[in-house]
Asker: 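Mind having a look at this structure? Questions to follow.
Letters go in sequence order (proteins before strands), and every chain restarts at 1.
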Amino acid sequence: MAEARVPQKSLPKINKVDQAFWEGAANGKFLLQKCKSCAKIQFFPRVACVDCFGELDWIESKGTGKVHTFTLVRVPRNPAFKDETPIYYINVILDEGVIVESRLVGDTKEKVKMGDRVKAVFQETHDPKIKLPCFELA
Amino acid sequence: MRRKKVCFVGYGSTEYSRNSEASALSYYADAIRAALKQTGLNKKEIRGFSITTQASPDYSPHVAEQLGLEVDWVLNGDYGGAGGVMSVRRAADAIECGHIDLAVLVGGNSFDRSTPTQRQLEYQRGNFVDVFGYGGPNSLMALIQRLHMEQYGTTLEQIGKIAIAQRFNAINNPQALFRKAMTMQDYLNSRMISDPVRLFDCVMPCSGAECVLLASEEKAKQITDKPVYLVTDAEISHYQVANMLPDKTTFGQKVVGERIFKEIKHEDIDLLEIYDDYPIAVMIQIEDLGFCKKGDGGKFVDAHDLTYQGDFPVNTGGGELSVGQAGLAGGYLHIVEALRQLRGEADGHQVKKAERALVTGIGWLNYGRNLGTTAALVMERGK
């Protein structure tokens, strides 16, 4: 029999590909990858440019953008999030031109509409070394 | 590309159960047994085997070993919900090349907790999606549905009509877990899961398995007087992958449709078995495959009767929405239902003119875009 476990809120399992991103987030920076060859900007972190397979640099996003689409999650996949429902799960188009999946937080989130301006905020977690890049209405 | 000499020669299904803890392997065996019984084949004649599942952790050769299959061709059809169609494509290639003349392709699932299941390998989902408390596929499809409604004026009633028609189709399908008629009020009032996705937009996870037998034309003639020919098939994985601002409401089925309908006309399709993890996914595929313009899916649904008695029969046995989703058997359910229809064996939900069917598969919702794998095939009743 599996032992009963109290569900934990998920945290990223940081690896060599995305380590720089999470270090940035811990310092309040939203990092994106930029191709050294073709200058394409991409997210999530990968090992090569999705367009030309070039090598990558990290750049800092302004952390601003607009709501592309959103949903109010009533049934989170991980039950540990149940006490925070509804979770405002969003796709943001950053001003640098990439879609980011994230969560809308803050007191005004109930007013969200498609196209609303948002800015990144970095939420503390139960691991002091990890902050999650969420968004608030700007 | 047009296929020449590959036939579906039989199929097998198990009962679906919401709580069975029988092993996934026993479900695969039951589905294969049913297909062998239907065709009178001896298991030793099967020289090709493909498995599509997340319910058993072993590599495909180990599953073949468990089932006692000595084979010349073995495949792990790990393409998510497109696993059925894409495994058929691989097997058809092997048959055309002459490597094998008969393959059994299986998809299945069970809630057996005594064996571990396959690990999710999608690290970006763990690190960049899970951490925000997302709601699984329900919330990822909800993002797409909201966009479709905003961009094209698609209504909940238009989306609901798909779920309701499929439920009507399931009423006389003994395999379906849900056989009670659904009204528009039932649909609209069903519990919100991840706005705008409601409970009746979602599939019921269950235990079960499906399998199909694919053979060379020559072998098919020895096995059955009801061969069903694979006419044409196509797939694309990671459509728009390099586009950081992808069109979330257009799936890879747009490319697949262009390839399929080079070989056949839309009006030659008598029925459609469209992968239906959600009704909105059915509507988007109808658009992408070119049955109507992008964004006109709602109007198209309004203008047509999608039941098995209608002018545009879709998911004639109820689809995954009414039958249940036995994990990755979901991608096989549509192939098996198409075979029932084309062989005239869909008792109680038989489409009158059923000569050609289009079957689709779509697999996993990915980061920021929509589907990872998209595929379709056309099959035709032998003359």
Asker: Should we count CD of A:Glu110 as having more than 12 external heavy atoms under 6.0 Å?
Answerer: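 Result for CD/A:Glu110: enclosed.
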Asker: Among A:Ser102, A:Cys52, A:Cys49, A:Pro86, which has the most heavy-atom pairs under 4.5 Å with chain B?
Answerer: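 Among the listed options, the one with the most contacts to chain B is A:Ser102.
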Asker: Test side-chain contact (heavy atoms from CB on, under 4.5 Å) on B:Tyr367 and A:Phe43 and set out the steps.
Answerer: CA-CA 9 Å; B:Tyr367 188 92; A:Phe43 193 78; 3.0 Å; yes
Asker: Are more than 12 heavy atoms from other residues, nucleotides or ligands located less than 6.0 Å from atom CZ of A:Arg117?
Answerer: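 Above 12, so yes.
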Asker: Is a side-chain donor or acceptor of B:Lys248 paired with a backbone partner of A:His68 at a separation under 3.5 angstrom?
Answerer: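 Looks like no, no N/O pair under 3.5 Å.
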Asker: To the nearest 0.5 Å, how far apart are CE in B:Met244 and NZ in A:Lys40?
Answerer: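 It is 5.5 Å, given to the nearest 0.5 Å.
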Asker: Any donor-acceptor pair under 3.5 Å linking the side-chain atoms of B:Ser194 with those of A:Thr71?
Answerer: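 Judged by distance alone, the side chains do pair up.
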Asker: Measure the CZ-CZ distance between B:Arg191 and A:Arg74 for me, rounded to the nearest 0.5 Å.
Answerer: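 Taking CZ in B:Arg191 and CZ in A:Arg74, the distance rounds to 10.5 Å.
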Asker: Go through the atoms of A:Lys82 and report whether side chain, backbone, both or neither lie under 4.5 Å from a heavy atom of chain B.
Answerer: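 For A:Lys82, neither part sits under 4.5 Å from chain B.
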Asker: Using 30° and 60° as the class boundaries, would you call the ring planes of A:Trp22 and B:Phe128 parallel, tilted or perpendicular?
Answerer: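 A:Trp22 and B:Phe128: parallel rings.
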Asker: Check each atom of A:Leu11 against the heavy atoms of chain B and say whether the ones under 4.5 Å are side chain, backbone, both or neither.
Answerer: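 Just the backbone, heavy atoms under 4.5 Å.
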Asker: Can you tell me which of A:Thr85, A:Asp51, A:Asn91, A:Ile41 forms the most heavy-atom pairs within a distance under 4.5 Å of chain B?
Answerer: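 Sorted descending by pairs with chain B, the first entry is A:Asn91.
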Asker: Check whether any side-chain heavy atom of A:Ile130 lies under 4.5 Å from a side-chain heavy atom of B:Val131, and answer yes or no.
Answerer: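 Sidechains of B:Val131 and A:Ile130: no contact.
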Asker: Measure the spacing between OH of A:Tyr88 and CG of B:Asp195 and express it to the nearest 0.5 Å.
Answerer: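 Going from the OH atom of A:Tyr88 to the CG atom of B:Asp195 covers 8.0 Å.
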Asker: Can you confirm whether more than 12 heavy atoms, excluding those of A:Lys119, are under 6.0 Å from its NZ atom?
Answerer: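 Enclosed.
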Asker: Please check if atom NZ in A:Lys36 has more than 12 non-hydrogen atoms from other residues, nucleotides or ligands closer than 6.0 Å.
Answerer: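 It does: A:Lys36 NZ has more than 12 such atoms within range.
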Asker: Give a yes/no verdict on a cation-pi contact between B:Arg146 and A:Phe70, requiring under 6.0 Å between NZ or CZ and the six-membered ring centre and an angle within 45° of the axis.
Answerer: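 Yes.
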Asker: Considering residues, nucleotides and ligands other than B:Lys254, do more than 12 of their heavy atoms fall under 6.0 Å from its NZ?
Answerer: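 Incorrect, the count does not exceed 12.
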Asker: Of the backbone (N, CA, C, O) and the side chain (C-beta and beyond), which part of A:Phe21 lies under 4.5 Å from a heavy atom of chain B, both, or neither?
Answerer: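 Side chain only.
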Asker: With chain A, which of B:Gly368, B:Ser114, B:Ser139 has the greatest number of heavy-atom pairs at distances under 4.5 Å?
Answerer: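 If we count pairs closer than 4.5 Å to chain A, B:Gly368 comes out on top.
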Asker: Side chain, backbone, both or neither: which part of A:Val100 has a heavy atom under 4.5 Å from chain B?
Answerer: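 Both parts, heavy atoms under 4.5 Å.
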Asker: Surrounding NZ of B:Lys299 (heavy atoms of other residues, nucleotides or ligands, distance under 6.0 Å), is the total greater than 12?
Answerer: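 It does not: B:Lys299 NZ has 12 such atoms or fewer within range.
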Asker: Please give me the minimum heavy-atom distance between A:Pro76 and B:Gly133, naming the atom from each residue.
Answerer: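 The pair with the smallest heavy-atom distance is CB-O, 3.8 Å.
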Asker: Rounded at 0.5 Å granularity, tell me how far CE in B:Met149 sits from CE in A:Met114.
Answerer: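 Reported to 0.5 Å precision, the distance equals 10.0 Å.
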Asker: Could you tell me whether A:Lys66 atom NZ has more than 12 heavy atoms of other residues or ligands within 6.0 Å of it?
Answerer: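 No, because the 6.0 Å sphere around NZ of A:Lys66 holds 12 heavy atoms or fewer from other groups.
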Asker: Decide if atom CG of A:Asp83 counts as having more than 12 heavy atoms of other residues, nucleotides or ligands within a radius under 6.0 Å.
Answerer: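 Enclosed.
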Asker: Which atoms of A:Pro133 are under 4.5 Å from chain B, going by heavy atoms: the side chain, the backbone, both sets, or neither?
Answerer: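 Both backbone and side chain.
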Asker: Start with the C-alpha distance between A:Ile93 and B:Leu245, add both sets of side-chain angles, then the distance that settles side-chain contact (heavy atoms from CB on, under 4.5 Å), and finish with yes or no.
Answerer: CA-CA 8 Å; A:Ile93 296 182; B:Leu245 294 175; 3.5 Å; yes
Asker: To the nearest 0.5 Å, how far apart are CG in A:Leu132 and CZ in B:Phe132?
Answerer: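 Separation between the atoms: 5.5 Å.
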Asker: Which residue out of B:Asn243, B:Leu140, B:Val197 racks up the most heavy-atom pairs below 4.5 Å with chain A?
Answerer: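 Of B:Asn243, B:Leu140, B:Val197, B:Leu140 has the most heavy-atom pairs under 4.5 Å with chain A.
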Asker: Enter the distance from B:Asn138:CG to A:Tyr89:OH here, rounded to the nearest 0.5 Å.
Answerer: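 Between B:Asn138 CG and A:Tyr89 OH, I get 13.0 Å after rounding to 0.5 Å.
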